[in-house]
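One structure is given here, and the rest of the page talks about it.
Owing to the predicted nature of the structure, the values given are computational and were not obtained by experimental measurement. In what follows, chains carry the letters A, B, and so on, assigned in the order in which the sequence lines appear, proteins first and then strands, with residues in each chain numbered from 1. Excluded from the calculations below are hydrogen atoms, water molecules and symmetry mates; all remaining heavy atoms, backbone and side chain alike, are included.
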There are 2 protein chains.
Amino acid sequence: MLYNFSNPQNEATLSDGSATQKTYLALRKMIVIGDLKPGEKLKIEGLRQRLGTGASPIREALSLLTSDNLVERIDQRGFRVSLTSRKNFEEILMLRCELEDIALRQSLANRTQDWEEQVVVSHHRMVRAQVGGDAAFEDLHKAFHMALLGCCDAPILLKFCSQLYDLNIRYRYLASGAMNYKQRDVSHEHQNIMDAVIAGDGDTASAELLSHFRHTGAFLAGLIPQQG
Amino acid sequence: MLYNFSNPQNEATLSDGSATQKTYLALRKMIVIGDLKPGEKLKIEGLRQRLGTGASPIREALSLLTSDNLVERIDQRGFRVSLTSRKNFEEILMLRCELEDIALRQSLANRTQDWEEQVVVSHHRMVRAQVGGDAAFEDLHKAFHMALLGCCDAPILLKFCSQLYDLNIRYRYLASGAMNYKQRDVSHEHQNIMDAVIAGDGDTASAELLSHFRHTGAFLAGLIPQQG
DNA sequence: TTACGGCATAATATCGATTTTTTTGTCGCG
DNA sequence: CGCGACAAAAAAATCGATATTATGCCGTAA
């Protein structure tokens with residue numbers, strides 16, 4: 001399996017093709033899609049061989065992933081994939097509702113024509129990938145959600161939202177693989193959000209977005225294995 | 001000047017006396033108190049000599065600080081201290097108001113006797129240090145604020161709050177050194193917050209806390225140098 | 001004079017090896 | 001039979017050196 005994808009969260013800070021960058025992206029994807037399981041020990045030597053790079057980039061990538069709450073650093077005992085639990089999932093859901101509500105309203109307050117077009121385009125791309133069963137759907141889904149917040153002029157808040165998105169998506173994969181998502185028809189939810197956004201109706205847009213989160217959340221909560 | 005202090009934000013993940021841990025704490029303090037200025041380039045070799053350690057721990061500590069939004073990583077051009085601006089300050093203030101409001105209410109909802117005592121004790125320690133001019137005041141001030149949130153059972157949210165606290169305190173130092181803070185009498189504000197918290201009155205406690213933030217914010221905003 | 005390109009310098013990023021710490025397994029003693 | 005200490009193994013953390021990349025300077029040409 002290949003682990004060289006796009007969708008860099010730290011694009012602003014890691015935009016080159018360095019070994020650290022590639023390692024960071026690869027490891028993040030491996031964790032998000034569940035190839036590296038929650039609680040699994042991340043041995044430097046093993047990863048070094050698996051990813052064909054030195055120990056330094058691995059170590060540095062793991063440090064960065066620690067910031068994303070996807071990896072935990074333990075004393076002098078190395079790294080492990082962050083644990084999952086029902087409680088953790090619910091916190092992520094709660095925070096997404098709170099933070100994206102703020103970000104969406106700010107984005108709407110600052111909206112521009114260019115931004116509206118970005119929203120429409122990102123939505124279209126997502127829909128196209130969804131009906132086509134494109135593997136890039138996940139990336140485009142995130143792109144759509146982040147596009148909604150595009151005019152929110154609060155970088156730290158957006159970083160939090162991005163982080164929380166990735167933490168959340170991980171549960172989708174853990175629940176039963178990515179495709180499970182499609183069992184639930186979210187198209188109209190996305191459409192409703194976009195309609196309200198384009199109309200500039202913050203209250204409705206936020207309500208639709210949170211409803212979308214909570215429906216997905218309730219759907220996923222029942223599928224979370226063991227723990228919590 | 002010495003840079004070996006306590007107040008570890010990543011205490012849960014970096015609790016040993018490793019070189020990385022010490023370097024992380026030292027650098028964080030240096031940035032927060034303004035010894036390393038916003039935008040300043042962080043050359044590995046220079047820090048290596050200044051902190052008496054190898055390049056690896058430096059590099060790893062800088063990666064961790066990137067997660068705290070105190071350091072920026074640039075392409076293949078190394079690290080630099082995060083920039084400051086009026087806009088950045090206002091975002092931090094806004095986010096603190098939003099997030100601590102949530103966290104405080106949750107903390108109150110889960111309150112226990114033991115927690116109430118922790119709040120009282122941490123407040124007392126802070127007051128004692130304040131009147132005594134103790135250098136540890138800053139740490140105790142943070143401890144008090146975090147103690148208020150102690151029963152909020154949402155680790156990610158608490159991590160965000162802790163991060164934002166550190167980002168905010170940096171502006172206090174930048175404005176005119178730490179002691180400036182004392183020009184404003186915040187004792188009664190802290191007292192009001194605590195009283196409401198002990199009374200279990202979430203609305204009042206939150207209102208007092210946010211008022212505290214905003215007063216300090218308005219006070220500091222006028223002192224922020226150049227930029228933004 | 002200014003813009004461009006190449007060369008020297010400096011700094012970063014990465015590697016390989018060493019040191020330190022943790023973990024594991026075993027043996028002897030109670 | 002269980003427990004603790006010790007030794008061996010594994011792993012993490014760190015170091016020193018090398019390779020790679022950016023930066024600044026200078027000369028040349030338009």
Side-chain angles (χ1 to χ4, degrees), chain A residues 3-4 8-28 30-31 36-37 39-67 70-83, chain B residues 3-4 8-28 30-31 36-37 39-67 70-83:
Chain A
Y3 293 109
N4 298 331
Q9 173 171 133
N10 286 358
E11 192 163 18
T13 58
L14 270 178
S15 59
D16 62 305
S18 67
T20 298
Q21 159 77 337
K22 282 181 285 191
T23 304
Y24 169 76
L25 292 175
L27 285 174
R28 190 157 70 85
M30 288 163 80
I31 292 169
L36 294 170
K37 306 243 176 319
E40 182 173 344
K41 187 140 200 335
L42 295 165
K43 296 183 191 173
I44 306 292
E45 178 60 18
L47 295 173
R48 205 193 62 69
Q49 294 184 354
R50 189 167 178 181
L51 296 172
T53 184
S56 305
I58 300 273
R59 187 159 262 282
E60 220 163 305
L62 290 172
S63 291
L64 291 171
L65 286 164
T66 299
S67 72
L70 285 170
V71 165
E72 284 169 20
R73 183 191 198 102
I74 327 154
D75 287 293
Q76 251 148 335
R77 261 157 273 165
F79 303 84
R80 78 160 111 179
V81 180
S82 290
L83 294 170
Chain B
Y3 292 109
N4 299 329
Q9 174 172 134
N10 287 355
E11 190 164 21
T13 59
L14 270 178
S15 60
D16 62 306
S18 68
T20 299
Q21 158 79 338
K22 280 181 287 192
T23 304
Y24 168 77
L25 291 175
L27 285 174
R28 188 156 72 86
M30 287 162 82
I31 293 169
L36 294 171
K37 307 245 177 314
E40 183 172 344
K41 188 141 199 331
L42 296 166
K43 297 182 190 172
I44 307 291
E45 179 59 19
L47 295 174
R48 206 193 62 69
Q49 294 184 352
R50 189 166 178 181
L51 296 172
T53 183
S56 305
I58 301 271
R59 185 158 263 282
E60 218 162 309
L62 290 172
S63 291
L64 292 170
L65 286 164
T66 299
S67 73
L70 286 169
V71 165
E72 285 168 19
R73 184 190 197 106
I74 328 154
D75 287 292
Q76 251 147 338
R77 260 157 276 162
F79 303 84
R80 77 160 113 179
V81 181
S82 289
L83 295 170

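Here Ile58(A) lies out of heavy-atom contact (under 4.0 Å) with every strand. Leu42(A) comes within contact range of the sugar-phosphate backbone alone, with a heavy-atom separation under 4.0 Å but no base atom that close.
Atom P of nucleotide dT18(C) and atom CD1 of Ile44(A) are separated by 19 Å, given to the nearest angstrom. Rounded to an integer number of Å, the gap from CD1 of Ile74(B) to C1' of dA11(C) is 12 Å. In this structure, Leu47(B) places its CG atom 12 Å from P of dA11(C), rounding to the nearest Å. Between the C1' atom of dT14(D) and the CD atom of Glu60(A) lies a distance of 14 Å, rounded to the nearest Å. Summarising the geometry, the separation between CZ on Arg80(A) and P on dA11(D) is reported as 16 Å, rounded to the nearest angstrom. For the pair Glu45(A) CD and dA10(D) P, the computed distance is 12 Å after rounding to whole Å. Rounded to whole angstrom, the span from the CZ atom of Arg48(A) across to the P atom of dA12(D) amounts to 12 Å. Per the geometry, CZ belonging to Arg73(B) stands 18 Å off P belonging to dA11(C), to the nearest Å.
Taking Thr53(B) as the reference, Ala19(B), Thr23(B), Leu51(B), Pro57(B), Ile58(B) meet the side-chain contact (heavy atoms from CB on, under 4.5 Å) condition, with sequence neighbours excluded. Checked against salt bridge (charged side-chain N to carboxylate O under 4.0 Å, His left out), Arg48(A) has the following partners two or more places apart in sequence or in another chain: Glu45(A).
For the atom pair Leu27(A) CG and Phe79(A) CZ, the distance stands at 10.5 Å (nearest 0.5 Å). Rounded to the nearest 0.5 Å, atoms CZ (Arg50(B)) and CE (Met30(B)) are 3.5 Å apart. Between the CZ atom of Arg73(A) and the OG atom of Ser67(A) there is a distance of 11.5 Å, given to the nearest 0.5 Å. One finds the CD atom of Glu72(A) at 6.0 Å from the CZ atom of Arg80(A) (value rounded to the nearest 0.5 Å). Put simply, OG1 on Thr66(A) and CD1 on Ile74(A) are 10.0 Å apart, with the number rounded to the nearest 0.5 Å.
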Atom pairs under 3.5 Å, N or O on each side, protein against nucleotides 18-24 of chain D: can you list them with distances?
none

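Relative to the side chain of Ser18(B), the nucleotides dA12(D), dT14(D), dT14(C) differ in distance, and dT14(D) lies closest. With dT14(C), dA11(D), dT14(D) as the choices, the nucleotide that has an atom nearest any side-chain atom of Lys41(A) turns out to be dA11(D). Side-chain proximity of Thr53(A) to dT14(D), dA12(D), dC15(C): nearest is dC15(C).
Projected onto DNA chain C by closest heavy-atom contact, Gly54(A) and Lys43(B) fall at different nucleotides, the more 5' of which corresponds to Lys43(B). Between Ser56(A) and Gly78(A), the residue anchored closer to the 5' end of DNA chain D is Gly78(A), taking for each the nucleotide with the nearest heavy atom.
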